[in-house]
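Notes follow once the structure below has been shown.
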Amino acid sequence: MAPQEVPGQRGRRREPRPAMELLVHGVGGATPQQMLGDARVCRVTGDATASVHRRTEDAEDRPWDEHDPLREAYSWSNLTSGNGARALWLLLLPFMIVNVTHWMRPAVRGHGRTHRLYDALVRLIAVSLTVLLVSGACVVALDAVAWQCGASTACATRTSWFSFAAGDGWWAGPGRRLALAALLPAALTALLWWLSHRTWSTYESAYPPVRVRQSATEPAPLSLPGFWYGRRLVSRLRSAHTAAGLLTVCAALLTASRPHDHGPDGTAALAVTGTLLAAATVGGGAAVLVLVTRYGRNETEIADPPPHRAVTLLPLGCAALLALTAVHTAWDRPAWQVTGALPGTVVFPVLTVVQGVMIVGLAAAALRLHRLARDTDRTALAGLGGPAVALLSCALAGALTGGATQRFTDWLTAGSEAVHGPPVMLSWQAAAIPSLIAVAALLALVAAVRVRRDRRRLAPTVRAAYPEESAPPDDHRSGTIASALARARLTDSAPALVGTLAGASLLLGVVAVLGAWGTGLPPSQAAADAPAPLAAVASLSESLGSWMLSVAVLVLIAMGRRAYRDRAARRTIGILWDVGTFWPRAAHPFAPPCYAERAVPDLSWRVATWVDATGGRVVLSGHSQGSVLAAAAVWQLDAPTRSRVSLLTHGSPLARLYGRWFPKYFGPHALRLLREEVPCWRNLWRATDPIGGPVGVPGRDADDRPVDHGPLLDPLHYGRNLRSPLPEPVLGHGDYPQDPAYAAERAHLCHTLRGEGDADATVRREHRGGGLTAERPRPEPGPAADAR
């Protein structure tokens with residue numbers, strides 16, 4: 001929409017161009033009606049998953065209005081909480097955590113070899129998690145059910161669904177039972193492939209806008225055109241992980257039949273066939289390793305060439321290999337007898353050791369990058385945040401696998417001595433869980449003591465932050481505000497919490513490996529000859545850990561369903577979930593999908609097309625996680641469009657969370673680049689906010705205001721007055737638009753975009769006291785002012 005001249009008034013002032021505020025909500029999932037403050041809204045563009053809305057009466061674009069601005073609301077909550085079935089994504093939590101590790105590298109340019117090593121190690125750790133999951137399914141189906149329970153007439157007849165394997169029937173042979181049971185881990189692998197393909201076609205296939213950008217000597221990583229388009233990499237990784245899962249089942253079947261085929265009762269034909277199949281399995285594993293380590297992300301371009309035919313055929317070839325292996329295993333072997341547990345369970349301690357070695361290599365690469373990085377003062381764990389998180393993902397995956405297999409085996413055994421327990425390594429891992437929970441409980445106790453101490457220290461200073469109010473000091477009111485301040489500061493202790501849990505997990509993992517290999521027995525049996533207290537603790541830890549992990553799976557499902565139905569619960573656990581699924585699937589294709597690969601192109605498309613169509617100005621306002629989406633969308637705009645966009649962030653975790661844990665993408669240098677690329681940016685924050693905080697970016701020059709505005713007073717009033725007859729709540733992380741500073745900063749940003757002075761009539765006054773500052777309107781004369 002071009003600027004228009006008033007008819008008959010040539011040479012006079014033109015009508016101002018349209019201006020709009022585009023709102024982006026955070027993890028709370030606010031509705032368009034709540035964001036726009038109107039029950040009557042209409043959808044401008046989008047679908048049922050993510051869409052842009054306006055008030056019904058704002059169908060036409062119009063110039064800026066201080067009191068009633070034109071506003072749009074982008075709703076993206078259905079991308080992460082669309083239906084209750086997505087609560088099952090919580091069961092993929094280890095995959096999501098290891099995927100986040102890919103993005104936690106220190107901020108350093110160059111040193112491509114170390115970067116490639118870091119990326120390759122993360123992807124290899126991700127493959128090991130897939131192998132661990134499928135191996136756990138093999139333990140349940142092949143070892144516990146087909147191998148051990150099928151060999152016991154009492155166990156097979158007691159489980160009616162498996163009674164056909166009892167006696168001398170055709171299915172009574174060990175090989176046939178194993179081939180039939182292999183359908184379960186194969187079906188699990190196929191299910192993961194289907195879920196990944198389904199979400200891939202919905203999320204990763206959203207094509208980003210292609211706009212010519214001016215070349216920059218050092219572009220921000222999130223400004224690269226292909227950053228939010230992971231279709232190619234996820235497709236390759238999906239093929240590799242699917243092949244790895246199928247090859248794991250092949251290896252389990254071949255390991256079970258090999259002792260008999262190469263023993264005195266075996267035949268040469270079966271031995272040769274098994275050797276050929278084993279060689280093919282090893283070759284498939286080598287192909288998986290090459291595919292995972294050689295090919296990484298390509299963020300500099302969006303070109304989408306078709307995948308190499310070998311990548312597409314690899315899972316199909318592994319499926320054919322699994323079918324041949326199943327036929328080989330099911331071949332008649334009259335003299336094959338079942339003794340003990342299924343051979344090959346040594347894979348669990350070996351896999352644990354391999355994961356430990358890779359994490360050590362990852363830590364070495366991260367330390368090297370951190371030493372060469374800039375602005376490392378606030379980087380979490382001195383650059384070791386990625387290895388620590390990777391270690392936690394491996395520990396969580398091992399613990400969940402061990403607990404689930406132990407609980408299923410105990411249920412299957414039900415007092416029968418014919419069925420042995422799960423692999424020894426899994427029992428040791430389950431026994432380590434109570435100790436790890438004890439460490440977490442101790443950390444929670446320390447946090448509670450710290451909050452109580454800080455509350456007592458801050459309570460006497462709260463009243464001084466409200467010098468203009470006449471309300472007398474109130475110990476309860478001051479204590480409530482001080483408690484909110486103390487709890488909000490706990491967020492800054494997250495690196496210490498993660499580091500302590502990672503260190504405890506590493507120590508317990510070493511103990512589990514040494515115990516499994518050194519004794520060859522579960523903890524309860526290994527400590528049977530120890531002093532009575534130690535034996536009692538070992539037995540209790542093994543039993544309690546198994547039950548706790550079994551219950552944990554059910555709790556995860558229950559929490560997920562409650563979170564997607566209840567807004568308060570969604571706010572509680574949605575923080576880490578939305579941080580984890582914000583990042584593209586660069587390491588694990590079976591992780592929950594990246595919603596930002598849909599949300600960021602949506603926002604950048606809407607801003608760019610509206611500016612092109614109207615020539616207007618946009619104030620992009622993001623709250624909480626919405627501020628991260630807004631910043632990412634601004635980075636994806638070309639320079640002419642970006643010159644007509646200002647950024648208003650509030651309750652933003654850009655520096656406090658993202659900057660510390662993802663320094664390459666949101667560290668101090670990246671945020672300074674963002675400040676240089678947008679005409680104006682203001683960030684509102686409160687000291688009572690446990691998530692948002694200052695971004696720490698100064699102005700462009702001495703005359704420019706810094707980006708941060710805060711901390712804002714919270715609550716707005718200490719006591720009752722004529723303007724606020726009821727006590728004001730402590731807002732913390734929410735309801736930033738209720739603060740007068742929000743409207744004042746929004747108006748200032750719009751006028752700055754239009755090249756005007758600050759036409760806002762609000763006079764800003766700063767009130768300092770007790771470490772709290774705020775900007776508030778000048779009180780009007782009259783009784784209301786006196787009451788203040």
Of the non-hydrogen atoms in [X] and [Y], which two are nearest, and what is the gap between them?
X: G732; Y: D714; result: N-OD2, 2.8 Å
X: L629; Y: A596; result: CD2-CB, 4.1 Å
X: P729; Y: P715; result: O-CB, 3.3 Å
X: G696; Y: D708; result: N-OD2, 2.8 Å

Is the backbone N or O of L712 less than 3.5 Å from a side-chain atom of R686, with the two atoms forming a donor-acceptor pair by type? no

For residues 129-142, which side-chain N or O atoms pair as donor and acceptor with protein atoms under 3.5 Å away, sequence neighbours left out?
{"residue": "T130", "atom": "OG1", "partner": "H241", "partner atom": "ND1", "Å": "2.8"}
{"residue": "T130", "atom": "OG1", "partner": "H588", "partner atom": "NE2", "Å": "2.8"}
{"residue": "S135", "atom": "OG", "partner": "V131", "partner atom": "O", "Å": "2.7"}

Contacts under 3.5 angstrom, residues 434-455 side chains, donor-acceptor by atom type, not counting sequence neighbours:
{"residue": "R450", "atom": "NH1", "partner": "S493", "partner atom": "OG", "Å": "2.2"}
{"residue": "R455", "atom": "NE", "partner": "G479", "partner atom": "O", "Å": "3.3"}
{"residue": "R455", "atom": "NE", "partner": "S483", "partner atom": "OG", "Å": "2.8"}

Does the side chain of V108 come within less than 4.5 Å of R371's, by heavy atoms? no

Mind telling me whether F582 and Y658 have parallel, tilted or perpendicular rings, with 30° and 60° as the class edges? perpendicular

In residues 361-368, what donor-acceptor pairs under 3.5 Å come from side-chain atoms, sequence neighbours left out?
{"residue": "R368", "atom": "NE", "partner": "T114", "partner atom": "OG1", "Å": "3.2"}

Taking only distance into account, with no hydrogens and no angle test, what donor-acceptor pairs under 3.5 Å do side-chain atoms of residues 502-510 form with protein atoms, sequence neighbours excluded?
{"residue": "S505", "atom": "OG", "partner": "L501", "partner atom": "O", "Å": "2.8"}

Who pairs with D492 by side-chain hydrogen bond (donor to acceptor under 3.5 Å, both in side chains), at least two apart in sequence or on another chain? R656

Test ring-ring contact (aromatic ring centres under 6.0 Å, His included) applied to F662 and F666, step by step: CA-CA 6 Å; F662 310 100; F666 291 100; 7.5 Å; no

Pair up each side-chain donor or acceptor in residues 99-106 with any protein partner under 3.5 Å, not counting sequence neighbours, and list the distances.
{"residue": "N99", "atom": "OD1", "partner": "A586", "partner atom": "N", "Å": "2.8"}
{"residue": "N99", "atom": "OD1", "partner": "A587", "partner atom": "N", "Å": "3.0"}
{"residue": "N99", "atom": "ND2", "partner": "P584", "partner atom": "O", "Å": "2.9"}
{"residue": "T101", "atom": "OG1", "partner": "I97", "partner atom": "O", "Å": "3.2"}
{"residue": "H102", "atom": "NE2", "partner": "R105", "partner atom": "NH2", "Å": "3.0"}
{"residue": "W103", "atom": "NE1", "partner": "P584", "partner atom": "O", "Å": "3.2"}
{"residue": "R105", "atom": "NE", "partner": "H102", "partner atom": "O", "Å": "3.4"}
{"residue": "R105", "atom": "NH1", "partner": "D119", "partner atom": "OD1", "Å": "3.0"}
{"residue": "R105", "atom": "NH1", "partner": "D119", "partner atom": "OD2", "Å": "3.3"}
{"residue": "R105", "atom": "NH2", "partner": "H102", "partner atom": "O", "Å": "3.1"}
{"residue": "R105", "atom": "NH2", "partner": "D119", "partner atom": "OD1", "Å": "2.6"}

